[in-house]
Amino acid sequence: MRRLIKPLSWLLGSLALTGAGIVMLNSKIVASVDATTLTDASRYQHGKFHNVQAFEQPGLLKTLEIAKRYFTEPAVDKVPAKSIPLQSLSRQQLDALPDNDVHFVKLGHSSVLLKVYGEYWLLDPVFSQRASPFSFLGPKRFHQTPISIAELPAIAKVLISHNHYDHLDKASIKQLAAKTTQFLVPLGVETDLQKWGVAAEKIQRFDWWQEQVSDNALIAFTPTQHFSGRGIGDGNTTLWGSWVIKTLAGAVYFSGDSGYFDGFKQIGDKYGPFDISFIETGAYDDDWAHIHMTPEQSVLAHLDVKGRVMVPVHNGTFDLAFHAWYEPLERVSAAAAQADTALLTPEFGQLVSMSQLHSSVAQNSYWWQALIPQAELAATGATEAAAAQ
């Protein structure tokens, strides 16, 4: 018995230290939320935000099953074998764009830079190498950003859809704090931004359907079907959503992350039509179908919001699911063609102007197809041909 006491003590001590380490680490990454400021929020009950449509959240067993898949399922084309095409972007190019128009450039994943009547706006800016709380672990970028934060001009607005690591990047926010005039965020996210160095007077927080009206635009925060969380125990303590931007030059919808739901039709009825819809297309799976759309559903969402030109985002930068990295773009292209809707898939760093939107669609490049292994590309083409018959 005495022989067992020492190893058992070591085991218990190790478990205690491991547990303490996890608690300490979690305390550094968990979302900071001031619950006293959320009591009047429209979707806030019992310390949590809630979707309009209730669905079962994954429990511990389901979470373990999903984790097991990461270790047991074969990885097929999860990461590009060749370099993704990237157009480098300079400050001079941005400043040369006319101020009487709306321009955009995809920076990666769901990060988009807008120039709105001379003002620069950023949507979900993620410039870090990993979509993770750690610099050494987690999904790593397939490509660099077309421009660095240091080279960006002064930013008028940063809009955040929700607090997941592939949309709210602590390192990027800290770098942007000094050069950004205003941060527009979902309810609850403001506390983390202040913790990271953003002055409270620079932050405007939004509930669903709340609006901001300025001289050159109407901005509204609109619902999605998703969730939030950055650590253990902070799930759904901050809100999530999408953004509506309406200007005289044109209207833009930015979906953030969402499962397919009736809210898209409500947004389209209230604020549509949209000249451009940036719609989440990627990181989908049957195991989390309620919170991420398939590419076919993404096209339906685009049609529901009354979009004219669809720009698929949330793909091509990070490995966040089990599908091949190019699959979302292939499937959304086929679905858009089937629905006879205009699709625009610019390269990262490519400048697109609202006034030349239709010519950009006409000259659209399916850039990823040159990077698909030929056997897979042939199979995809055969499938699409059969579907068209």
Side-chain angles (χ1 to χ4, degrees), residues 51-53 55 104 106-114 122-126 131 139 142 159-169 186 208 221-229 239-245 252-268 271-272 274 276-307 309-336 339 341-346 348 368:
N51 288 293
V52 173
Q53 178 183 341
F55 54 87
F104 82 85
K106 286 179 63 178
L107 301 176
H109 197 55
S110 294
S111 301
V112 178
L113 174 65
L114 298 174
L122 279 170
L123 309 178
D124 284 359
V126 176
F142 301 158
L159 286 70
I160 303 296
S161 65
H162 62 296
N163 76 350
H164 287 157
Y165 288 96
D166 57 323
H167 296 264
L168 178 61
D169 177 30
W208 287 347
F221 190 57
T222 45
T224 56
Q225 184 171 284
H226 201 54
F227 70 112
S228 66
L239 190 55
W240 51 90
S242 55
W243 290 102
V244 165
I245 300 169
V252 172
Y253 176 69
F254 178 73
S255 74
D257 285 359
S258 183
Y260 182 69
F261 77 133
D262 291 341
F264 292 122
K265 292 181 180 178
Q266 296 172 20
I267 294 166
Y271 292 111
F274 295 96
I276 299 172
S277 71
F278 295 102
I279 302 289
E280 172 224 283
T281 312
Y284 47 84
D285 192 270
D286 288 343
D287 272 339
W288 51 83
H290 293 295
I291 56 172
H292 283 293
M293 295 180 281
T294 65
E296 294 75 20
Q297 290 173 324
S298 296
V299 172
L300 291 178
H302 163 76
L303 296 174
D304 285 350
V305 300
K306 301 179 182 178
V309 175
M310 176 181 173
V311 179
V313 294
H314 207 257
N315 56 69
T317 301
F318 297 112
D319 173 20
L320 299 175
F322 298 102
H323 54 66
W325 73 269
Y326 50 77
E327 183 186 293
L329 293 167
E330 283 289 277
R331 285 177 59 175
V332 79
S333 298
T341 192
L343 188 74
L344 180 58
T345 55
F348 298 116
W368 66 91

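The first residue of the sequence shown is numbered 1, and numbering continues consecutively from there.
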TODO: Run through Q225, H164, H314 and flag the one making a side-chain hydrogen bond (donor to acceptor under 3.5 Å, both in side chains) with D257.
DONE: H314

- [ ] Could you tell me which non-hydrogen atom of P223 sits nearest to which non-hydrogen atom of F261, and how far apart they are?
- [x] O-CZ, 3.6 Å

Open item on the list: I'd like to know whether L159 forms a side-chain contact (heavy atoms from CB on, under 4.5 Å) with F254, so could you lay out the CA-CA distance, the side-chain angles of the two residues, the decisive distance to 0.1 Å, and finally the verdict.
Closed with: CA-CA 10 Å; L159 286 70; F254 178 73; over 6 Å; no

TODO: Decide yes or no for P346 and V311: does some side-chain heavy atom of the first lie under 4.5 Å from some side-chain heavy atom of the second?
DONE: yes

Task: Heavy-atom donor-acceptor pair, N315 side chain to V313 backbone, under 3.5 Å - done: yes

Task: Partner set under salt bridge (Lys or Arg N to Asp or Glu O under 4.0 Å) for D285, not counting sequence neighbours - done: R69

Open item on the list: Looking at H302 and G307, would you say the former's side chain and the latter's main chain have a donor-acceptor pair under 3.5 Å?
Closed with: yes

Task: Backbone of W240 reached by a side-chain donor or acceptor of W208 within 3.5 Å - done: yes

TODO: Might you point out which heavy atoms bring D304 and Y260 nearest each other, and give the distance in Å?
DONE: OD2-OH, 2.5 Å

Task: Geometric class of the W243/F221 ring pair [parallel <30°, tilted 30-60°, perpendicular >60°] - done: tilted

Open item on the list: Could you check whether any side-chain heavy atom of T345 comes within less than 4.5 Å of a side-chain heavy atom of P312, counting everything from C-beta outward?
Closed with: yes

- [ ] Keeping the roles fixed (side chain from T224, backbone from S242), state whether a donor-acceptor pair exists under 3.5 Å.
- [x] no

Task: NE2 on H226 to CG on L239, rounded to 0.5 Å - done: 11.5 Å

Open item on the list: Measuring only between side-chain heavy atoms, which start at C-beta, is F104 closer than 4.5 Å to I276?
Closed with: yes

Open item on the list: Run Y284 and E327 through side chain to side chain donor-acceptor pair (under 3.5 Å) and show every step you take.
Closed with: CA-CA 10 Å; Y284 47 84; E327 183 186 293; 2.6 Å; yes

Task: Verdict with supporting geometry, V299 and V332, side-chain contact (heavy atoms from CB on, under 4.5 Å) - done: CA-CA 7 Å; V299 172; V332 79; 3.8 Å; yes

- [ ] Might you work through the side-chain contact (heavy atoms from CB on, under 4.5 Å) test for V305 and Y271, ending with a clear yes or no?
- [x] CA-CA 8 Å; V305 300; Y271 292 111; over 6 Å; no

Open item on the list: Determine whether a donor-acceptor pair (N or O, by modelled atom type, separation under 3.5 Å) exists between the side chain of S298 and the backbone of E280.
Closed with: yes

Open item on the list: Is any side-chain heavy atom of V126 closer than 4.5 Å to one of F318?
Closed with: yes

Task: Closest non-hydrogen atom pair, A335 against P295 - done: CB-O, 4.5 Å

Open item on the list: Can you tell me how far apart CD (E330) and CH2 (W368) are? Round to the nearest 0.5 Å.
Closed with: 6.5 Å

Open item on the list: Please check this pair: side chain of H323 against backbone of A283, looking for a donor-acceptor N/O pair closer than 3.5 Å.
Closed with: yes

- [ ] Could you check if a side-chain atom of F264 sits within less than 4.5 angstrom of a side-chain atom of M293, using non-hydrogen atoms only?
- [x] yes

- [ ] List in chain and number order the residues that pass salt bridge (Lys or Arg N to Asp or Glu O under 4.0 Å) with D169, two or more places apart in sequence or in another chain; answer none if no residue qualifies.
- [x] none

- [ ] Tell me, please, which residues at least two apart from H290 pass ring-ring contact (aromatic ring centres under 6.0 Å, His included).
- [x] F55

Task: Gap separating the CD1 atom of I279 from the CG atom of L303, nearest 0.5 angstrom - done: 9.5 Å

Task: I245 side chain reached by L114 side chain, heavy atoms, under 4.5 Å - done: yes

Open item on the list: Restricting to non-hydrogen atoms, name the atom on G272 and the atom on K306 that form the minimum distance, rounded to 0.1 Å.
Closed with: CA-CB, 4.5 Å

Task: Rounded distance (nearest 0.5 Å) linking atom CG of D286 with atom NE2 of H292 - done: 13.5 Å

TODO: Examine distances only and state if a side-chain atom of D124 and a backbone atom of V112 form a donor-acceptor pair shorter than 3.5 Å.
DONE: no

TODO: Ignoring hydrogens and angles, tell me if any N or O in the side chain of S277 forms a donor-acceptor pair with the backbone of Y253 under 3.5 Å.
DONE: no

TODO: Measure across I160 and H167 and return the closest heavy-atom pair with its distance rounded to 0.1 Å.
DONE: CD1-O, 4.0 Å

Task: Close side-chain approach of P139 to D166, heavy-atom, < 4.5 Å - done: no

Open item on the list: For G256, is there any backbone N or O sitting under 3.5 Å from a side-chain donor or acceptor partner on S258?
Closed with: no

Task: Note, D319 side chain near W325 side chain (heavy atom, < 4.5 Å) - done: no

